[in-house]
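Reviewing the structure listed below.
The figures that follow rest on heavy atoms only: side chains count, while hydrogens, waters and symmetry mates do not. Letters go in sequence order (proteins before strands), and every chain restarts at 1.
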Amino acid sequence: MTNPRLLRAALPFLTLAIVLTATFYVQPRTMSYFGLNLMLQYAVPIALATIAQMFIITVNDLDLSIGPFVGLVGVIAATVLNSSPVLGAAALMVCVLAYGVVGALIHVRNLPSIVVTLGLSFVWLGISVTMLPSPGGKAPAVLKAIMTVQTPYVPFPILAAVAIGLVVHLALMTTSFGVVARGAGGNPKALARAGWSMLGTKVVMYMLAGLFGLLAGLALLGLTTSADAHVADRYTLYSIAGVILGGGEFIGGRINPIGAVVGALTLALAGAFLIFLRISPDWQIGAQGAVLIIVLALRALASTREKSL
Amino acid sequence: MSTEAIRLDGVEKSFGAVRALAGVDLVVAVGECLGLVGHNGAGKSTLMHVLAGALLPDAGTLTVGGTEPKAQWSAAASQAAGIRCVFQELSLCPNLSVAENARITHASLRGFGWKGRARALICAKLDEIFPGHRIAPDDEIAQLPIGQRQMVEIARAFTVTTAPLRLVILDEPTSSLDAVAAGQLLSYIRKETARGTAIILISHILGEILATSDRIVVMKDGKQVAARPAPAFDRSSLMAAMGSDLKEVEARGDRWQSPKADAAVVVRASPQRDGGGSELVVREGEIVGLAGLAGHGQTRLLLQIFAGHADVDRPVAFVAGDRQSEGVFNLWSIAENVTVASLRALIRRGLINVAAEAKLARAWRERIGIRTSDMGRNILTLSGGNQQKVLFARALASDARIILMDDPMRGVDIGTKLEVYAMIRAEAASGRSFLWYTTELDELTHCDKVYVFWNGKISDSIEAADFSEQRVLRASFAESGA
Amino acid sequence: MKGLLSWLRGQRWIGSFLAAGLVWILAVVFAGGRGGGEILSSALAFATFTVIVGLGQMMVITTGPGNVDLSIPATMTLSGVIAMKLMDTESARILVGTAAAMGASFVVGVANYALIRLLRIPPIIATLSSSFLVLSTAISVGRGLRIKPPPPLADFATARAFGVPFAAIAVAALTVIIGLTLTHTIYGRTVAAIGQNERAAWLAGLDVRRTRFATYVLSAMLAGLCGILQSGFSGGAALNMGDDFLLASIAVVVIGGTSVAGGRGNVPGIWGAALFMYLLVTMLNIFGASPGVRLIMTGLIIIAVIAVAGSENPRRA
């Protein structure tokens, strides 16, 4: 009985190991502090965005606006936050609160999260483009400093990703609140009957998603140093793929924070790997889709085996 | 200090035309195990939902521990008053562990070290009720077999953190337990009542009720019809109390001709997965009834036949009993709901002929008596009984020769029922076969043959001439290995 | 008169046409009272393409909650690229190019359904993932050169008669066909039935699986058709030609009055919504609003429309 479960938990690590080995094989020079640091640079913002998506998936919804949201955060931080920190901070807070409002709207009116967040993605994008029609702005110095810190022995992105994974794991998998949040995804009716507020739970999870989207935007800005409304458009697919690679499921409240972070690392690596493999850039985007399909296919196979046991 | 745990007086509840509870009085004493029995539709589940705060009654009073509750009765108030329920739909979160599920019902399990406390709480109770269980507190519910899930649900109901336990409702708790666990639960019930907790035990296994209860209440048609200390009952007196004393139920009369015994066989099916056990046979023009307690395999057999996993060679149609989730298309008109299974016959020059469709709909309005002036109105403008007529019309309008009916008369008024029964008999006389699962005993008198189900198997098959309600009841409560 | 008013209120596509009319008036006002005809004509020309994919998306969405086709832009692009490459500016090869492009679209539709059914992947993810593969294929097939469409195709896609584009007339005819399919064929009724209650549809004897399959194929092939026409219109197949069409295809369905919970498709509304969206862009441009404003407004309108409409199928307890 535990075998398929172990397989499900181990899959993200296996996938990471495979991609890592393959990368080292193709390009041995990456097997160094500098090489790893370079390849995994963008792992931190991707991991944060993946966690944000994971909070939404925990309550059986899907967020198609996380990419543009990350871009918007970068735009606000590189413009308003730089010139007037208080106003900028307030603007960012409003963004996080907006996520909470959207979550409440989706719950109260029983709306499909896909369509609402798709519309929302264009609102975020529109605001970004209005504030910053072409790439520009300047990242606050503190962000740059944090994101480029040279930690001894282990590259910063890896440390940061591990830290993020651990913190969220502790918060969602070991605390009493985390139980309620995951239960809301597993059996919302039972939760309501036991007296918990489904509305409150959803709003909290959406705001946590907004918060981590905020952190992702700041982290990304620290790396790119100037903002671009479209810089994170791919993050929507990355975040969904990361959660799935990490062993999460769309319905049922089954998520895995550490797996999600590992999935994000794998995706960041896969991008570099595809470049090294000299796969024509035409196919890089297709490869990402293929990876997602392959992982889902493997999971479908694993679950049918699980059922027949 | 009152000797009553809870008291219900004159509780009434109706769902549209259906009177689920017609003025029920119920008292459960402190430390008493009350056995609640009754056939389908007696009102047991509805009464328990009212007690648990999940349903608001139309009339009646509730007192808890001798005093009326201060605030509006609700699920939260019920829990705070120490009332717990284990219903047949499990309310565990499959993605969480056993200990985490304990947290869901105990809001006080929080803060530092909550998990250790939760583990200890649930393990202690599991050990107490089901010694020798092999459930670990960190097992994920989805990984546990249904029997163990039920054990967790039951144990959780008996755990106490803040509010003391007053009353625990167990609705068919042994349905998924093996013999050992079932026995452990029943002896635990005796132990727990000795400690002062009241327990309501609902079970279709009469032997369990007789052995475990202090007092037994029999319900029928939304009322309490008998209440005596358990030793005063035995199996036959219980079944006599549950049955009706309507003379009409027995005498079927020669109101219509039964089909000849040598008519062609149109359905041959076996409810048991391995193909063993009794087989079900339907002939042309026959009305075959499926009886027995709800959920004992009748619907599964109907679906099996519909999906083609049986020996059937003619077109089949299905009439759903749960209109909302299996029958009615909410956004469509009455006419569209009627014709949806007959579209092929309405095609002229490649497209559905709307005029022919309207004509068909009107024809069925006349034949089956749908009360509406305009078949083009939305289906939800019809009453429940009329909506059910639409589902019948849908099946009958199609080219199906075999009609499967999944307890379709549930919640329908008597006038509609009589009209539909007449329709069924007329259609059967012209060669259509009906396979009719019903939870109401008197409907079985319309059938040429009745198969009674118990635990997924056929426990008895009764020809019309030999039909008696007692025989059906006996087969419905058959306990020894059918 | 009262009967007429209540009939009008019952027609759920009126709203989008009224909104389109309102925006057109505003646009003309901002333009100083001139050019109303040209504005309308332009809007018709652009709206035509959105309507084609909107029809396909509407069929998919009508099959029930959770069903959406996110691979439309990619399929459009692939179809356009294949068509242009095979036609190679020659009129004689129009048929070959069209056949190949539509064939490729058919394959995409089949693949989408296979992912959903065999691998049990939710439609959003299945179509999202396949869109990446399809786009990659398009990129590698369309290597570099932007091949011009054959003149007859370009003419058909751009020509107008008294200000009304030929393509719009053709697509209007297509709309009528699809509308009739939805209400007057067994396939169309099955789509609406599945969207309202899949289990009831199965129990009523309808073929749920084949209908779902046909719907995803239809959506892909309509996207393919759009890609060919769009390439004719814009002078070639660009690799980003599908970019705007993802949100647009969903927006015209939602704003046009189709129920996102499934079961009720609104065909005329798609035209009203498409016109509304293009007139909105035109009005904002004339008004001098920045491009970001268009994005914000489109997003907000979509959210507003479904929030107000709510989920029409009552939450299943």
- Spatial distance of atom CD1 (B:Ile352) from atom OG1 (C:Thr183) [nearest 0.5 Å]: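 Nearest 0.5 Å value for the CD1-OG1 distance: 8.0 Å.
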- Task: Could you tell me the separation between the NE2 atom of C:His184 and the CZ atom of B:Arg348, rounded to the nearest 0.5 Å?
- Result: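 Between atom NE2 of C:His184 and atom CZ of B:Arg348 there are 12.5 Å.
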Does any part of the side chain of [Y], heavy atoms only, come nearer than 4.5 Å to the side chain of [X], both counted from C-beta?
X: B:Thr339; Y: C:Arg189; value: yes
X: B:Asn330; Y: C:Asn197; value: no
X: C:Ile186; Y: B:Arg344; value: yes

- Task: Scan B:Leu303, B:Leu404, B:Leu302, B:Val319 and name whichever one has a side-chain contact (heavy atoms from CB on, under 4.5 Å) with C:Leu203.
- Result: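 Considering B:Leu303, B:Leu404, B:Leu302, B:Val319, a side-chain contact (heavy atoms from CB on, under 4.5 Å) with C:Leu203 is found only for B:Leu303.
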- Is it the backbone or the side chain of B:Ala317 that comes under 4.5 Å from a heavy atom of chain C, or both, or neither?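 No part of B:Ala317 comes within 4.5 Å of chain C.
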- Message: What part of B:Val328 gets within 4.5 angstrom of chain C, counting heavy atoms only: side chain, backbone, both, or neither?
- Response: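 The backbone, not the side chain.
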- Determine, using ring centers only, whether B:Phe306 and C:Trp202 are less than 6.0 Å apart.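 That pair passes the under 6.0 Å test.
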- Does any pair with a residue in residues 383-393 of chain B pass salt bridge (Lys or Arg N to Asp or Glu O under 4.0 Å), and if so which ones, sequence neighbours excluded?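 Output for this query lists B:Lys389-B:Glu419.
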- Do B:Glu326 side-chain atoms and C:Arg199 backbone N/O form a donor-acceptor pair below 3.5 Å?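 Not a single qualifying donor-acceptor pair exists.
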- Task: May I ask you to name which of B:Val316, B:Leu343, B:Asp322, B:Asp406 has the most heavy-atom pairs under 4.5 Å with chain C?
- Result: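 Option with the greatest count: B:Leu343.
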- Item | Within residues 105-119 of chain C, residues adjacent to chain B where the heavy-atom gap is under 4.5 Å |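 The stretch does not come within 4.5 Å of chain B.
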